[in-house]
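Each chain gets a letter, A, B and so on, in the order the sequences are listed, and its residues count up from 1.
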Amino acid sequence: MNMDILKKILLMPRQMIKAIYNPENIENKWYSQWQEKGCFAKKIDHRKDSFCILMPPPNVTGVLHMGHLLNNTLQDVLIRRARQLGKSTLWIPGTDHAGIATQVKVEKELMKEGKIRQNIGRESFIQRALHWRDKHGGLILEQLKKLGISCNWDAKVHTLDPGYNLAVQTAFIELYNRGYIYRGKRMVNWCPVSLTALSDEEVMMKPQQCMLYHLKYELTDGSGFIEVATTRPETIMGDTAIAVNPNDDRYRSLIGKTCLRPLKKAEIRIIADEAVDQDFGSGALKVTPAHSAIDFEIGQRHRLEFLDIMNPDGTLNSLAGNDFEGMDRFEARVMAVEKLRKLGLLIKEELYSNNVGFSERANVPIEPKLSEQWFLKYPKVEEAKAAILNGVIKLRPERWTKTYLHWLDNIKDWCISRQLWWGHRIPVWYRKGYDKNDPTNIHLSIDGPEDKENWEQDPDVLDTWFSSALWPFATFGWPDLKKMEEKNFDYFYPTSDLVTGPDIIFFWVTRMIIASLELLGANKNHLLPNEIQERIPFKNVYFTGIIRDKLGRKMSKSLGNSPEPLDLIKKYGADGLRFGLLSMAPQGQDVLFSEERVEFGRNFCNKLWNAFRFRQTIGEEQDKTIEGIFSRINPKEVSLIDLAILTQMLKTLIEFEEAMAEYEFNKALQIIYSFFWKDFCDWYLEVSKINQTSSVIGIYDLILRQCLLILHPFIPFITEELWHMAGYGTGFINDEKLDTSANLLANIKALGLEPAEDSILEVAMIRELISSTRAMKANYGLAAKKDMTFYYKAADGQTSIIAKYNEIIKHFIGAAKVIETNSLLDLPVILTPAGLMYLDLASQIDLASEKQKVIDEIQKITQLIAKNQSKLNDKVFISKAPQQIIDGTKKLLEENLKKQVELQSLLDSLNSLKT
RNA sequence: GGGCGGCUAGCUCAGUUGGUUAGAGCGCCUGGUUUACACCCAGUAGGUCGCAGGUUCGAGUCCUGUGCCGCCCACCA
């Protein structure tokens with residue numbers, strides 16, 4: 001670039017930074033600029049490493065909640081940091097069509113018009129659902145933009161996109177052909193409200209108070225009755241046997257006899273089965289094979305009749321008999337009990353608490369139901385375990401490994417068909433009028449058979465999670481090779497980090513791993529380690545904590561305990577919110593949300609803002625490029641205090657880099673927070689005001705610049721704004737190359753400066769002296785006085801720091817004079833590592849309380865000395881502890897002894913003072 | 001029933017392989033019109049690290065047992 005132009009740019013009058021940091025203005029401004037200028041766009045440089053994140057797609061029905069905020073902030077931190085480290089990045093956003101959830105929403109809309117979906121038919125229902133999706137579905141992503149997330153919006157995917165649908169259909173057919181998908185009549189979890197089967201994962205167990213009824217089943221030979229206990233008397237009409245344990249002496253004689261089913265009377269057998277628990281109830285179980293999972297198994301073993309007495313909606317059907325037909329299952333329960341009571345068959349009823357499975361969506365008890373469904377037998381289970389065990393996929397925190405493995409060890413076939421209309425239609429056709437179970441009458445293909453008129457398509461759709469499992473590669477256009485190439489699948493896959501909640505390990509994470517292992521690459525029964533490595537969907541999984549309210553409850557809309565995220569952004573700014581969230585969310589630990597933390601984040605942003613305002617008051621017309629900054633630092637002008645802050649910056653950067661490498665974001669933030677606020681602002685900015693050389697200003701610029709850069713992934717808006725305001729560059733901050741601690745160290749060394757730990761120690765001594773002296777003043781109620789005289793006596797063996805830093809110390813402690821002395825004085829004093837500081841105000845102090853303080857202090861130090869000495873006298877300690885610890889203890893003892901002597905002499909002098 | 005996590009200052013939480021006298025923010029209290037910031041500055045106070053044993057020269061940290069809180073999985077009708 002032409003030097004004149006460069007100068008012009010650099011010397012351009014810059015905008016004044018406004019006094020008050022107002023996040024709202026700058027956040028809206030920058031987000032639209034980032035998008036317009038294509039900041040987040042995929043820029044592929046094959047010489048660079050790739051870095052890819054798949055956003056867990058929020059449901060189109062979803063409402064933005066705190067979990068989304070934390071989750072997406074973490075992803076944004078990762079992706080922005082990756083850009084700074086020079087990687088080619090891709091962050092794929094998207095939404096999930098959310099089968100049941102969406103269908104329920106649309107059905108509710110219909111209900112307002114007094115209709116149900118069957119009234120309008122499948123086609124127009126889907127049209128309505130699509131319309132609903134288009135209207136509401138993008139909202140959550142739009143809301144997330146307020147948070148500043150930098151995804152590749154042009155790569156956005158929706159799970160019902162045509163391309164995605166192709167992936168789902170292909171996966172189904174492929175898995176069917178490989179023998180993993182089958183159709184079968186089995187016991188499933190049936191939701192009587194949503195009228196669909198559900199997977200085990202969609203059933204939530206809830207403790208319930210109910211009644212346990214003890215009933216008489218009369219023996220048909222007239223020899224008495226058998227007592228049966230049940231919580232579900234409404235299913236009696238479906239009983240086809242009574243089962244007892246074969247080892248149960250009470251009932252041995254009854255096995256093989258028959259008894260009378262008391263409702264819809266019929267003769268049923270008494271059978272023996274090991275599954276019966278002798279200790280529960282009466283030890284005799286009524287067997288209802290069509291309405292209970294265990295009874296179903298017993299029924300199969302004993303070839304019992306399966307009497308399905310219920311309609312899909314939970315009402316009883318004609319098989320339940322005239323008295324019950326059409327009645328809801330819970331009404332039927334009441335009526336059944338009533339009838340039994342009248343018949344004199346109810347022995348007793350008792351309160352009983354048990355766990356009942358509830359439909360996750362409709363929140364009603366699920367009904368175990370015998371039903372014809374599609375099932376998936378999970379492939380590549382061993383490989384999925386190996387991927388984690390061998391560290392090919394790393395889970396953070398690692399402890400989730402156990403949960404993950406436990407699920408895979410106890411995995412059961414997955415019911416993947418849903419009796420819904422909204423979702424991916426199952427690509428299976430049946431020949432009209434023929435037996436569906438005969439394979440020759442079944443056709444599987446994406447487009448269907450040519451003579452469609454002779455076939456009918458399976459009416460069911462697939463579980464939403466089936467499509468979610470394909471997310472890692474369906475988002476890249478799989479199985480369309482051309483699209484995959486366009487989307488640089490080979491470059492970005494396997495993706496880098498997945499950030500999600502541990503509550504969907506089974507729903508999603510595991511299934512993605514399995515789907516990827518099975519479907520990417522050739523069909524093989526077993527994979528070799530390198531094949532696993534190529535196929536895995538991601539290398540790291542970061543499990544976030546769950547955000548809870550102050551009482552530890554999960555945040556949910558129904559509890560009304562979740563703050564409105566957008567309100568928080570409005571109040572504290574997206575940056576403040578991000579900072580707060582990250583600082584309260586260590587690796588995968590659940591967090592109790594507190595608004596104070598968000599305030600904390602906002603305050604930090606304000607501090608940052610004002611540090612830049614301060615810099616601006618000094619005058620800005622200077623070269624702020626990194627080269628320019630270094631050229632302004634003159635090594636001859638650099639004081640020890642300056643060197644100390646440089647050294648500390650490097651130390652901070654190293655610690656920060658380590659924390660980031662370990663995904664310890666809250667630690668990383670804490671490290672910068674403390675350096676920036678405590679060391680840089682509170683100390684260095686203040687101390688350097690006294691002699692603000694041009695080198696000092698150079699150091700300001702260097703540190704401010706570096707802090708902006710490393711903070712940018714966490715708080716992108718304010719750092720972008722300040723980057724431009726302060727004139728560090730004309731481009732976007734996220735495109736800036738990040739100087740590492742190693743780079744900066746090299747640059748500093750090139751100036752002829754040698755960062756040294758000693759400088760930090762010396763500065764620490766000064767700060768300690770100042771701080772102690774201020775405390776002493778405050779103790780006497782003299783904090784505000786500026787005209788005091790102090791006497792300073794250097795610590796034994798310590799060179800005086802007062803001579804060197806007189807001005808600074810006077811300024812900071814508020815003194816008119818600090819006079820150096822060699823003797824102990826009869827004055828109030830404070831001990832510091834740098835020496836004694838006396839306050840010349842003997843007449844004004846409360847001698848008695850002052851003495852007491854010193855006495856307390858002596859007592860404390862004496863205890864410490866005793867502790868040190870007993871340690872050092874302990875031969876075992878001496879022989880076993882490492883030398884470093886022993887030396888440390890010795891040194892400590894010496895220091896404490898010295899302190900003790902000094903305190904004693906102080907006490908003596910206080911005693912000798914006249915009151 | 002099986003498993004996991006938490007229990008550290010009034011509150012919310014740090015505390016890496018055991019190592020010298022346990023930290024931060026908020027809040028409390030005291031003082032401050034220090035011209036970058038009251039969303040700030042300075043300074044106090046506040047903890048037998050859930051409890052009980054054990055290992056060790058040395059335990060918030062490791063082991064055993066136990067209590068409370070929360071979560072996950074399984075489940076007896």
Please determine if a side-chain N or O atom of A/N666 lies less than 4.0 Å away from the OP1 or OP2 oxygen of B/A14.
-> no
Would you mind checking if A/D874 and A/K880 are paired as a salt bridge, meaning a charged N to carboxylate O distance below 4.0 Å?
-> no
State whether A/N603 places a side-chain N or O below 4.0 Å from either non-bridging phosphate oxygen (OP1 or OP2) of B/C40.
-> yes
Is a side-chain donor-acceptor pair under 3.5 Å present for A/H811 with A/E686?
-> no
Looking at every strand, decide which applies to A/F506 at a 4.0 Å heavy-atom threshold: base, sugar-phosphate, or nothing.
-> sugar-phosphate
Check: A/T862/A/Q900 side-chain N/O donor and acceptor closer than 3.5 Å | yes
Measure from CE on A/M205 to C1' on B/C73 and round the result to the nearest Å.
-> 11 Å
Round to the nearest Å and state the distance from A/W683 atom CH2 to B/C41 atom P.
-> 16 Å
Among the candidates B/C13, B/C37, B/A74, find the nucleotide nearest to the side-chain atoms of A/R597.
-> B/C13
Within the structure shown, what part of the strands sits under 4.0 Å from A/Q670 by heavy-atom distance: base, sugar-phosphate, or nothing?
-> sugar-phosphate
Side chain of A/E686, base of B/A36: donor and acceptor closer than 3.5 Å?
-> yes
With no angle test and no hydrogens, is the base of B/C4 tied to the side chain of A/K402 by a donor-acceptor pair under 3.5 Å?
-> no
Nucleotide paired to B/A24 in any strand shown, Watson-Crick or G-U, under 3.5 Å = B/U12
Separation of A/K689 atom NZ from B/A36 atom C1', in whole Å?
-> 7 Å
Side-chain contact check for A/D277: nearest option of B/C37, B/C76, B/G25 is B/C76
Nucleotide of B/A77, B/U16, B/G19 approaching A/P882 most closely (side-chain heavy atoms) | B/G19
Distance test, side-chain N/O of A/K678 to OP1/OP2 of B/G25, below 4.0 Å | yes
What nucleotide among B/U16, B/C37, B/U56 has an atom nearest to a side-chain atom of A/K880?
-> B/U56
Tell whether A/R399 reaches the base of B/C4 with its side chain through a donor-acceptor pair below 3.5 angstrom.
-> no
Map A/F877 and A/F614 onto RNA chain B by nearest heavy atom, then report which one ends up closer to the 5' terminus.
-> A/F614
Select one nucleotide: of B/A77, B/A36, B/C57, the one nearest the side-chain heavy atoms of A/T230.
-> B/A77
Classify the side-chain pair A/Q692/A/Y700 by whether it contains a donor and acceptor separated by less than 3.5 Å.
-> yes
Between the side chains of A/Y213 and A/R232, is a donor N or O closer than 3.5 angstrom to an acceptor N or O?
-> no
Presence of A/K867 side-chain N/O under 4.0 Å of B/C57 phosphate oxygens OP1/OP2 | no
Pairwise C1' distance, B/C69 and B/C51 [rounded to whole Å] = 15 Å
Here the distance between atom P of B/C13 and atom CD of A/E664, to the nearest Å, is 18 Å
Any side-chain donor-acceptor pair under 3.5 Å between A/D200 and A/N189?
-> yes
Taking the side chain of A/F280 as heavy atoms from C-beta outward, which of B/A42, B/A77, B/G3 is closest to it?
-> B/A77
Does A/N355 get its side chain close enough to the base of B/C75, under 3.5 Å, for a donor-acceptor pair?
-> yes
Any A/W677 side-chain N or O less than 4.0 Å from OP1/OP2 of B/C41 = yes
If you measure from the C1' atom in B/A22 to the same atom in B/A9, how many Å do you get, rounded?
-> 11 Å
Establish, from distance only, whether the side-chain atoms of A/Q883 and A/D887 form a donor-acceptor pair under 3.5 Å.
-> yes
Contact class for A/D682 (heavy atom, under 4.0 Å): base, sugar-phosphate, or nothing?
-> sugar-phosphate
For A/T889, report the nucleic acid contact type (base, sugar-phosphate, nothing); a contact means any heavy atom under 4.0 Å.
-> base
Is the shortest side-chain N/O distance from A/S771 to OP1 or OP2 of B/G43 below 4.0 Å?
-> yes
Is there a Watson-Crick or G-U wobble partner for B/G31 with both distances under 3.5 Å, and if so, which one is it?
-> B/C41
Quantified in whole Å, what is the C1' atom distance between nucleotide B/U33 and nucleotide B/C40?
-> 12 Å
Drop me the distance from A/E655's CD to A/I671's CD1, to the nearest 0.5 angstrom.
-> 5.0 Å
Rounded distance (nearest 0.5 Å) linking atom NZ of A/K810 with atom CD1 of A/I813 | 9.5 Å
Taking the same atom, P, in B/G5 and in B/A52, what whole-Å distance lies between them?
-> 23 Å
Nearest-nucleotide pick for A/N610, side chain only, options being B/C39, B/A77, B/A36 | B/A36
Does one side chain, of A/S583 or A/N666, offer a donor that lies under 3.5 Å from an acceptor on the other?
-> no
Sort out the partner of B/G5 for me: Watson-Crick or G-U wobble, both distances under 3.5 Å, none otherwise.
-> B/C69
Looking at every strand, decide which applies to A/C605 at a 4.0 Å heavy-atom threshold: base, sugar-phosphate, or nothing.
-> nothing
Between B/C41 and B/U35, how far is it from one P atom to the other, in whole Å?
-> 14 Å
Rounded to whole angstrom, note down the C1' distance from B/G60 over to B/G6.
-> 14 Å
Out of B/G25, B/C39, B/C37, minimum distance to the side chain of A/R602 belongs to B/C39
May I have the distance from A/E596 (atom CD) to B/A24 (atom P), rounded to whole angstrom?
-> 19 Å
Determine the interatomic distance between P on B/A59 and the same-named atom on B/G50; round to the nearest Å.
-> 15 Å
Partner of B/U64 under the Watson-Crick or G-U wobble criteria, both distances under 3.5 Å, comes out as B/A52
Please figure out whether A/Y352 or A/V876 has its closest RNA chain B nucleotide nearer the 5' end.
-> A/V876
Report the distance from atom CD of A/E599 to atom P of B/G25, rounded to the nearest whole Å.
-> 15 Å
Reckon A/G281 touches a base, only the sugar-phosphate, or nothing at all at heavy-atom distances under 4.0 Å?
-> nothing
What distance, rounded to whole Å, do you find between the two C1' atoms, one in B/C71 and one in B/U16?
-> 26 Å
How close or far is atom C1' of B/C13 from atom OH of A/Y673, stated in whole angstroms?
-> 14 Å
Between B/U12, B/C57, B/A36, spot the one nearest the side chain of A/A881, thanks.
-> B/C57
Watson-Crick or G-U wobble mate for B/G46, both contacts under 3.5 Å = none
What is the distance, rounded to the nearest whole Å, between atom NE2 of A/H811 and atom P of B/A42?
-> 13 Å
Assigned partner base of B/C75, Watson-Crick or wobble definition, under 3.5 Å = none
